[in-house]
Amino acid sequence: MSRTVFRAMTAASLAMGLAGCQTFPAVQQDLASIGGARSNASSFPGFGGGRAGGATGGTTAGGGTQVVTDPYAGQGVAQPDIPGGGAQSGQSSGSRQSSSTTTTTAPAQKHRVVAGETGWSISRKYGITPQDLAAANTLDEAMTLRVGQELNIPARTVTRANDASAPGQGTPTPTPPSASQPLPEEETAPSSAPTAKPETPNLGATRTAASGSGRFQMPVAGSIVRPYSKGSNEGIDISTAAGTPVKAAAGGTVAAVTRDTDGVPIVVIRHEGQLMTVYAGMAALSVQKGDQVSAGQQIGTAGNAGSVHFEVRQGYDSVNPEDYL
């Protein structure tokens, strides 16, 4: 009798203790781990009773333990379908393959050196290092090459950038031709080379034929810088450098040798037909008064004035010298 009462009191105490611990998750987990123990209390989430397989979306294992599953497992996260902007919808980012570069293997080959190439430019052309090129051809440290030399180009791995690129990603910069091709040969003169000076034209030699009678010739080589003007310039002024020979315009006799107010010599020659020629602005005379001269004979040189004054006189009156030249 007393044993039966003790068992009833023990069961009642255990039931009250369990009811007071229903709100503690740790106790719930301990209860759920007890095999074969199954409670019908609706306040125990994840346990059987009338809520099994209901709102929690779980399933009951064969042993009576509730197994909770994720209804979205394996679906991943949806990605925006933007061209070039990441994975497409329904495609995993790990399955994408980069299309920015292409890697190929180039076999060994030969290269013949042309003018303008260096070991470094050839290395860049084939995408190998200068050390590999030197080792394959036993070149010295200076990478000395000669035109026509045949080089061994070892096999290598070539990585090329694709020209196509997604919008907003930019376009790959092309390799400049100077990186792999020799520069063209150019022949340039050194800056210190002297420049040829053009010859000074002889204006007197290129002078057109005069409209006059041609009885007299030009007394000095040069151009007329001041024409004849009656009353202001009784002759013509011919530009010439100092020391240029002055010649007699025609044959005749030296009628006078005098000087102007500055002491510059003046020569007067008498010709046939009452004509006289006057030469001023001279230096280093080679004739004297009374000498007979022929046409074209030197009578002196030009002075430092830069020009020679030449007159033709009919008697004592001046006339235009260009009418007689």
Side-chain angles (χ1 to χ4, degrees), residues 186-325:
E186 296 182 358
E187 296 182 0
T188 57
S191 58
S192 59
T195 304
K197 296 182 179 180
E199 297 182 358
T200 303
N202 188 345
L203 299 178
T206 58
R207 178 180 170 84
T208 57
S211 59
S213 63
R215 182 174 178 177
F216 295 149
Q217 64 181 11
M218 287 286 291
V220 66
S223 59
I224 299 174
V225 294
R226 186 181 180 191
Y228 170 80
S229 178
K230 186 72 172 180
S232 59
N233 187 28
E234 303 296 338
I236 58 175
D237 292 343
I238 306 170
S239 66
T240 186
T244 303
V246 179
K247 303 175 182 178
T253 304
V254 178
V257 176
T258 183
R259 295 179 181 273
D260 60 13
T261 55
D262 296 328
V264 180
I266 300 175
V267 177
V268 180
I269 300 177
R270 181 180 290 111
H271 308 279
E272 294 180 355
Q274 300 295 319
L275 291 176
M276 291 188 299
T277 54
V278 181
Y279 310 81
M282 297 181 59
L285 299 181
S286 55
V287 294
Q288 297 179 358
K289 180 179 178 180
D291 290 346
Q292 294 290 327
V293 295
S294 58
Q297 177 180 341
Q298 182 174 339
I299 60 176
T301 60
N304 297 325
S307 63
V308 170
H309 181 77
F310 176 68
E311 296 181 6
V312 175
R313 291 183 175 268
Q314 180 71 46
Y316 292 102
D317 294 330
S318 65
V319 294
N320 190 353
E322 295 189 59
D323 295 339
Y324 294 86
L325 295 175

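Since this is a predicted model, take the numbers as computed values, not measurements.
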*Which atom names give the shortest non-hydrogen contact between A241 and A302, and what distance separates them?*
O-CB, 3.6 Å

*Between P321 and G235, which heavy-atom pair has the shortest distance, and what is it?*
CG-CA, 4.1 Å

*Which atom names give the shortest non-hydrogen contact between M218 and L325, and what distance separates them?*
SD-CD1, 3.7 Å

_Euclidean distance, Q274 CD relative to D317 CG, rounded to 0.5 Å_ = 12.0 Å

_Give me the atom names and distance for the closest heavy-atom approach of G281 to V308._
O-CG2, 4.2 Å

*If we ignore angles and hydrogens, is there a donor and acceptor under 3.5 Å between the side chains of S239 and S307?*
no

_Where at least one partner belongs to residues 263-285, residue pairs that pass ring pair (Phe, Tyr, Trp, His ring centres under 6.0 Å), sequence neighbours excluded_ = F216-H271, Y279-F310

_OG1-CZ distance between T277 and R270, expressed to the nearest 0.5 angstrom_ = 10.5 Å

*Is there any ring pair (Phe, Tyr, Trp, His ring centres under 6.0 Å) pair reaching into residues 238-270, and which pairs are they, with sequence neighbours excluded?*
none

*Tell me, please, which residues at least two apart from E311 pass salt bridge (charged side-chain N to carboxylate O under 4.0 Å, His left out).*
R313

Using residues 255-266 as the side-chain source, report each donor-acceptor pair under 3.5 Å to any protein atom, sequence neighbours left out, with the distance given to one decimal.
| unit_1 | atom_1 | unit_2 | atom_2 | d |
| --- | --- | --- | --- | --- |
| R259 | NH1 | G263 | O | 2.8 |
| D260 | OD1 | D262 | N | 3.0 |
| D260 | OD1 | G263 | N | 3.0 |
| D260 | OD1 | V264 | N | 2.7 |

*Determine which pairs satisfy salt bridge (charged side-chain N to carboxylate O under 4.0 Å, His left out) with at least one residue from residues 217-241, sequence neighbours left out, and list them in order.*
R226-D237

*asked:* Just so I know, are the side chains of Q314 and L275 near enough to count as touching, which here means a heavy-atom distance under 4.5 Å?
replied: yes

*For residues 241-256, pull every pair meeting side-chain hydrogen bond (donor to acceptor under 3.5 Å, both in side chains), keeping only residues two or more places apart or in separate chains.*
T240-T244, T253-Q292

*asked:* Listing request: all salt bridge (charged side-chain N to carboxylate O under 4.0 Å, His left out) pairs with a residue in residues 276-300, at least two apart in sequence or in separate chains.
replied: none

*Taking all non-hydrogen atoms of both residues, which atom of G303 and which atom of A283 are closest, and how far apart?*
CA-CB, 4.0 Å

*In chain order, what residues pass the side-chain hydrogen bond (donor to acceptor under 3.5 Å, both in side chains) check against N320, with sequence neighbours excluded?*
none

*Under the side-chain hydrogen bond (donor to acceptor under 3.5 Å, both in side chains) rule, what pairs show up with a residue in residues 295-305, not counting sequence neighbours?*
none

*With sequence neighbours left out, which residue pairs that include part of residues 235-269 fulfil the ring pair (Phe, Tyr, Trp, His ring centres under 6.0 Å) condition?*
none

_Nearest 0.5 Å, please: how far is CD1 in I236 from CD1 in I224?_
4.0 Å

*Which atom pair, heavy atoms only, marks the closest approach of N233 to P227?*
ND2-O, 2.9 Å

*Restricting to pairs with a member in residues 223-259, which pass ring pair (Phe, Tyr, Trp, His ring centres under 6.0 Å), not counting sequence neighbours?*
none

_Stepwise side chain to side chain contact (heavy atoms under 4.5 Å, CB included) test for I269 and V293_ = CA-CA 9 Å; I269 300 177; V293 295; 3.9 Å; yes

